[in-house]
A.B. asks: 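The structure that follows is given in the form of structure tokens.
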Amino acid sequence: MTFKDLGIALPILKAIDEQGYTNPTPIQEQAIPILLNKKDLLGVAQTGTGKTAAFSIPIIHHLQTNQEQTKGKKRVKALIVTPTRELAIQIGENFTAYSKYTNIRNTVIFGGVKQQRQVNALRPGVDAIIATPGRLLDLMSQGIISLKDIEYVVLDEADQMLDMGFIHDIKKIIAKLPPKRQSLFFSATMPKDIVELSKRLLGDFERVTIKPKQATAEKVEQGIYFVSKPNKVKLLVHLLRENPKASVLVFSRTKHGANKIVKKLAQADINSAAIHGNKSQTARQKALGAFKDGKLNVLVATDIAARGIDVEELSLVINYDLPNIPETYVHRIGRTGRASASGIALSFCDREERPYLRDIEKLIKQEVPRMPEHQFIDDSKEQATPENKPQQRPQKHNRPRNKNNRNKNSSNYRGKNNRNSKKSRPEKKE
Ligand code: AMP
């Protein structure tokens, strides 16, 4: 199936082609026809599946084909609500790229920065707003944004929004929407409170479920290092030194932890930056921009801050801490291996994190391959228990994917036969 088969307007096809998309991803293939048909949609999918294009393209198509001939200021007809600033910016960039050859205009609204620039961007009139909930409500209460003309609404990453405490904001926003509208609701997981929330938004809907959990876990080459807490920094420094040119995203469970990692890396002469909720929006954008442009190789992020990060050529994800929510692990490793690319994700696991690892393996229905023994093994000898024993024998490592790092003698994060070899992967325990 091609995008052309889906019946998308030509200017959008041209823009998609320019993005280098040849075929629709599964969620696009399933969701776009439903949305072009003006039905409501419940999408159970997470970022990395191509869901941004799945909802943006039909909205741009409708906005473009139903344009009013009347002159005058554009009315805001489409609203996309998303949990984080980074994700809002990312969606805005994609929306702009897909609508490049149309006269559909969008703007992005998020907190943490002065509102004036956003207000100025709204002034000439836009067709679509991509917003985080807090600032959106703020501008609504000031009478700067009205939702009365909304015809298309997307609630993106609903589970994440609830986790971040946005439930009341979301309910307030939904209450202000006109009853006649097309509604789209996306969530990676569907616990009870999310199902209830979806009922508030959606009318007669169709459901599309994309199972990226297994898909992501299978696509991304993974490895786990058993390491004591104090040795984690040493192991990180070791891996980064071995791969100085690699573009690495390091996950920390806490903001404080992220700052500490940056400090420790600086002591080892490794340049990095942290992004998390306590950093100003300008600092976050600056760090993210440098990382995306390849000027900064190591970015340390908390889960929420990393949610919207979509960096091409991200060589490696390192879970410095294992997340206590197994789905978060899948989100994290999905930062690499975007769309059809494959990626590498390595995790550090100390004694306290063992239960988290078990939960993760249960969710992804596979065992995360144990990395060969290394010099930063847990000092407390926890490696010695049968449960923790590495399954692979120590082996010489290959070079990483990054072609700038071709040093044959260096140890490295990729096990010898891992890449392109089904054999090196543990059997699935379906
Ligand atoms: P998303 O899940 O929307 O965050 O998209 C993940 C990544 O896949 C982004 O880098 C998109 O640019 C890319 N992408 C989306 N759709 C396609 C497609 N049909 N073909 C190739 N890449 C795509």
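Each ligand, and each atom within it, is numbered from 1 in the order the structure gives. Just so it is clear, the model here is predicted, and its values are computed rather than measured. The first residue in the sequence is number 1, and the count goes up from there.
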A.B. asks: Using the rule salt bridge (Lys or Arg N to Asp or Glu O under 4.0 Å), only one of Lys229, Lys232, Arg358 pairs with Glu353; which is it?
C.D. replies: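 Of Lys229, Lys232, Arg358, salt bridge (Lys or Arg N to Asp or Glu O under 4.0 Å) with Glu353 is met by Lys232 alone.
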
A.B. asks: Any idea which atoms of ligand 1 are less than 4.0 Å away from a heavy-atom of Thr52?
C.D. replies: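 The atoms of ligand 1 under 4.0 Å from a heavy atom of Thr52 are 1 (P), 3 (O), 4 (O).
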
A.B. asks: Using a 4.0 Å heavy-atom cut-off, say whether Gln28 meets ligand 1 through its side chain, its backbone, both or neither.
C.D. replies: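 Within the 4.0 Å criterion, Gln28 contacts ligand 1 through side-chain atoms alone.
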
A.B. asks: Within a distance under 4.0 Å of any heavy atom of Asn23, pick out the atoms of ligand 1 and give their elements.
C.D. replies: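 With Asn23 as reference, the close atoms of ligand 1 come out as 18 (C), 19 (N), 20 (N).
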
A.B. asks: With respect to Thr22, determine whether any N or O atom, backbone or side chain, lies less than 3.5 Å from an N or O atom of ligand 1.
C.D. replies: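 N/O-N/O distance below 3.5 Å does not exist for this pair.
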
A.B. asks: Show which atoms of ligand 1 fall inside a sub-4.0 Å distance from at least one heavy-atom site of Thr25.
C.D. replies: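 By the 4.0 Å cutoff, the relevant atoms are 16 (N), 17 (C), 18 (C), 19 (N).
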
A.B. asks: Counting both backbone and side chain atoms, is some N or O of Tyr98 under 3.5 Å from an N or O of ligand 1?
C.D. replies: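 No; every N/O pair is 3.5 Å or more apart.
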
A.B. asks: Please determine which of Lys279, Arg284, Lys292 meets the salt bridge (Lys or Arg N to Asp or Glu O under 4.0 Å) test together with Glu86.
C.D. replies: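 So, applying the salt bridge (Lys or Arg N to Asp or Glu O under 4.0 Å) to Glu86 and each of Lys279, Arg284, Lys292, only Arg284 qualifies.
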
A.B. asks: Test your reading of the structure: does Ala53 have an N or O sitting under 3.5 Å from an N or O of ligand 1?
C.D. replies: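 N/O-N/O distance below 3.5 Å does not exist for this pair.
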
A.B. asks: Whether the side chain of Thr254 engages the backbone of Gly257 through a donor-acceptor N/O pair (distance < 3.5 Å, no angle test) should be reported.
C.D. replies: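 Yes: the side chain of Thr254 pairs with the backbone of Gly257.
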
A.B. asks: Quick one: side chains of residues 99-109, donor-acceptor pairs under 3.5 Å with protein atoms, not counting sequence neighbours, listed by atom name and distance.
C.D. replies:
| from | atom 1 | to | atom 2 | distance (Å) |
| --- | --- | --- | --- | --- |
| Ser99 | OG | Phe95 | O | 2.7 |
| Ser99 | OG | Thr96 | O | 3.4 |
| Lys100 | NZ | Glu18 | OE1 | 2.6 |
| Tyr101 | OH | Glu18 | OE1 | 3.2 |
| Tyr101 | OH | Glu18 | OE2 | 2.4 |
| Thr102 | OG1 | Ser99 | O | 2.8 |
| Thr102 | OG1 | Ile104 | N | 3.1 |
| Asn103 | OD1 | Gln67 | NE2 | 3.1 |
| Asn103 | ND2 | Gln67 | OE1 | 3.3 |
| Asn106 | ND2 | Thr96 | OG1 | 2.9 |

A.B. asks: Would you mind listing which atoms of ligand 1 come within a distance below 4.0 Å of any non-hydrogen atom of Gly50?
C.D. replies: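 Once the distances to Gly50 are compared, the set is 1 (P), 2 (O), 3 (O), 5 (O), 15 (C).
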
A.B. asks: Give the numbers and elements of all ligand 1 atoms closer than 4.0 Å to a heavy atom of Phe3.
C.D. replies: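 This gives 19 (N) as the contact atoms.
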
A.B. asks: Compare every heavy atom of Met190 with every heavy atom of Leu42, then report the nearest pair and how far apart it is.
C.D. replies: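 In this case the closest contact between Leu42 and Met190 is CD1-CE, 3.8 Å.
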
A.B. asks: If you measure every N/O of Asn94 against every N/O of ligand 1, is any gap under 3.5 Å?
C.D. replies: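 No: no nitrogen or oxygen of Asn94 is under 3.5 Å from one in ligand 1.
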
A.B. asks: Evaluate the side chain to side chain contact (heavy atoms under 4.5 Å, CB included) criterion for residues His61 and Ile32: first the C-alpha distance (whole Å), next the side-chain angles of each, then the deciding distance (0.1 Å), finally the verdict.
C.D. replies: CA-CA 10 Å; His61 175 95; Ile32 290 175; over 6 Å; no

A.B. asks: For the backbone of Val113 and the side chain of Arg135, can you confirm whether one donor and one acceptor N or O come within less than 3.5 Å of each other?
C.D. replies: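 Yes, Arg135 side chain to Val113 backbone: donor-acceptor pair under 3.5 Å.
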
